[in-house]
Amino acid sequence: NAGVTQTPKFQVLKTGQSMTLQCAQDMNHNSMYWYRQDPGMGLRLIYYSASEGTTDKGEVPNGYNVSRLNKREFSLRLESAAPSQTSVYFCASALREVTEAFFGQGTRLTVV
Amino acid sequence: AQSVTQLGSHVSVSEGALVLLRCNYSSSVPPYLFWYVQYPNQGLQLLLKYTSAATLVKGINGFEAEFKKSETSFHLTKPSAHMSDAAEYFCAVSPQETSGSRLTFGEGTQLTVNP
């Protein structure tokens with residue numbers, strides 16, 4: 001049982017480049033989330049999808065877009081990467097909105 | 001609105017000593033509360049959760065937490081620290097209502113266990 005799988009695990013981008021972070025879960029969960037983790041700031045919610053077909057902004061959505069491709073997959077896109085987007089990105093899923101979230105292993109993104 | 005405050009960004013204990021990690025929450029509605037652990041270069045793993053049943057919640061690896069409504073606290077404890085407990089710990093809160101609910105995390109507490 002893979003749980004939540006994120007790809008890639010590491011990425012280096014130049015300022016202005018674009019990329020998509022992929023996330024897939026095999027637990028038949030309804031809700032999916034993208035967080036970023038920065039030192040001393042905990043995890044901050046970028047976007048979430050309460051159920052298939054819906055997406056909503058979280059605490060720090062600027063510079064990002066998301067797509068809930070189907071129930072399993074939730075991707076995060078950086079259209080024009082900036083050094084401020086250097087972070088560790090976590091995808092998570094939950095059976096529904098108020099239940100505990102299960103996390104992927106993270107993607108370490110560096111924007112130079 | 002909801003928020004979580006974790007008191008102490010770094011806590012250091014000796015092996016075998018009591019572990020106490022503090023978490024206070026603010027929520028306008030009855031909350032669900034969670035503790036997660038993150039080992040180096042890994043994702044977050046659920047330790048335990050409070051969902052309005054018993055106020056004393058037992059989790060994995062010998063950890064437990066007590067929900068105290070009067071103090072708006074959900075502190076994490078373990079009677080005897082082990083070297084393998086060294087990690088970062090996050091407290092999180094979610095309102096019990098379903099619409100638009102999502103986890104809000106504290107800033108984390110790095111636990112160091114000294115031999």
Side-chain angles (χ1 to χ4, degrees), chain A residues 2-10 21 23-25 27 29-51 54-61 66 74 87-109, chain B residues 1-10 21-25 27 29-53 57 59-60 65 74 87-110:
Chain A
V4 179
T5 302
Q6 292 183 233
T7 55
K9 289 186 169 52
F10 301 92
L21 280 64
C23 175
Q25 53 91 8
M27 295 174 283
H29 285 172
N30 293 302
S31 302
M32 297 186 73
Y33 310 84
W34 277 105
Y35 290 89
R36 60 177 289 173
Q37 182 179 27
D38 302 289
M41 302 186 76
L43 280 83
R44 293 180 292 167
L45 184 65
I46 304 171
Y47 270 92
Y48 70 103
S49 171
S51 61
T54 68
T55 60
D56 286 285
K57 295 178 180 179
E59 186 183 351
V60 289
V66 291
F74 188 40
S87 186
V88 181
Y89 291 84
F90 287 100
C91 178
S93 70
L95 181 60
R96 60 184 194 278
E97 290 170 275
V98 297
T99 58
E100 67 267 29
F102 293 79
F103 284 79
Q105 294 296 296
T107 296
R108 290 186 177 275
L109 176 67
Chain B
Q2 57 190 26
S3 65
V4 168
T5 301
Q6 291 184 240
L7 299 176
S9 58
H10 291 85
L21 304 182
R22 300 177 186 273
C23 172
N24 288 88
Y25 70 91
S27 178
V29 297
Y32 289 158
L33 292 156
F34 307 82
W35 275 101
Y36 284 84
V37 61
Q38 184 182 31
Y39 298 103
N41 300 314
Q42 294 190 25
L44 279 71
Q45 178 185 359
L46 182 70
L47 271 179
L48 50 79
K49 61 181 178 180
Y50 166 77
T51 56
S52 73
V57 181
I60 61 172
F74 190 57
E88 189 156 23
Y89 292 80
F90 292 93
C91 184
V93 62
S94 173
Q96 291 187 18
E97 65 205 33
T98 56
S99 178
S101 299
R102 53 200 187 272
L103 289 172
T104 299
F105 284 87
E107 295 179 357
T109 298
Q110 183 69 46

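Heavy-atom basis, side chains included; hydrogens, waters and symmetry copies ignored. Since the model is a prediction, treat every value here as computed from it, not as a measurement. Below, chain A is the first sequence line, B the second, and so on; all start at residue 1.
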Give me the atom names and distance for the closest heavy-atom approach of B:F90 to A:Q37. CZ-NE2, 3.2 Å
Using 0.5 Å steps for rounding, measure from the OG1 atom of B:T104 to the CD atom of A:E59. 7.5 Å
Interface moiety of A:L43 toward chain B, non-hydrogen atoms closer than 4.5 Å: both
Contacts of type side-chain contact (heavy atoms from CB on, under 4.5 Å), residue A:C23, not counting sequence neighbours: A:V4, A:M32, A:W34, A:C91
Before you tell me yes or no, could you show the steps for B:T51 and A:E100 under side-chain contact (heavy atoms from CB on, under 4.5 Å), namely the whole-Å CA-CA distance, both residues' side-chain angles and the distance that decides it to 0.1 Å? CA-CA 10 Å; B:T51 56; A:E100 67 267 29; over 6 Å; no
Among A:G40, A:G106, A:G58, which has the most heavy-atom pairs under 4.5 Å with chain B? A:G40
Determine whether A:Y35 and B:L103 make a side-chain contact, defined as any pair of heavy atoms from C-beta on separated by less than 4.5 Å. yes
Residues in salt bridge (Lys or Arg N to Asp or Glu O under 4.0 Å) contact with A:D56, at least two apart in sequence or another chain: none
Identify which part of B:L44 has an atom lying under 4.5 Å from any heavy atom of chain A, answering side chain, backbone, both or neither. both
Please look at B:Q110 and chain A and tell me whether the side chain, the backbone, both or neither of the residue comes under 4.5 angstrom of a heavy atom of that chain. neither
Minimum heavy-atom separation for B:N41 to A:R108, with atom names? OD1-NH2, 2.9 Å
Can you tell me how far CD of B:E107 sits from CZ of A:R44, rounded to the nearest 0.5 angstrom? 10.0 Å
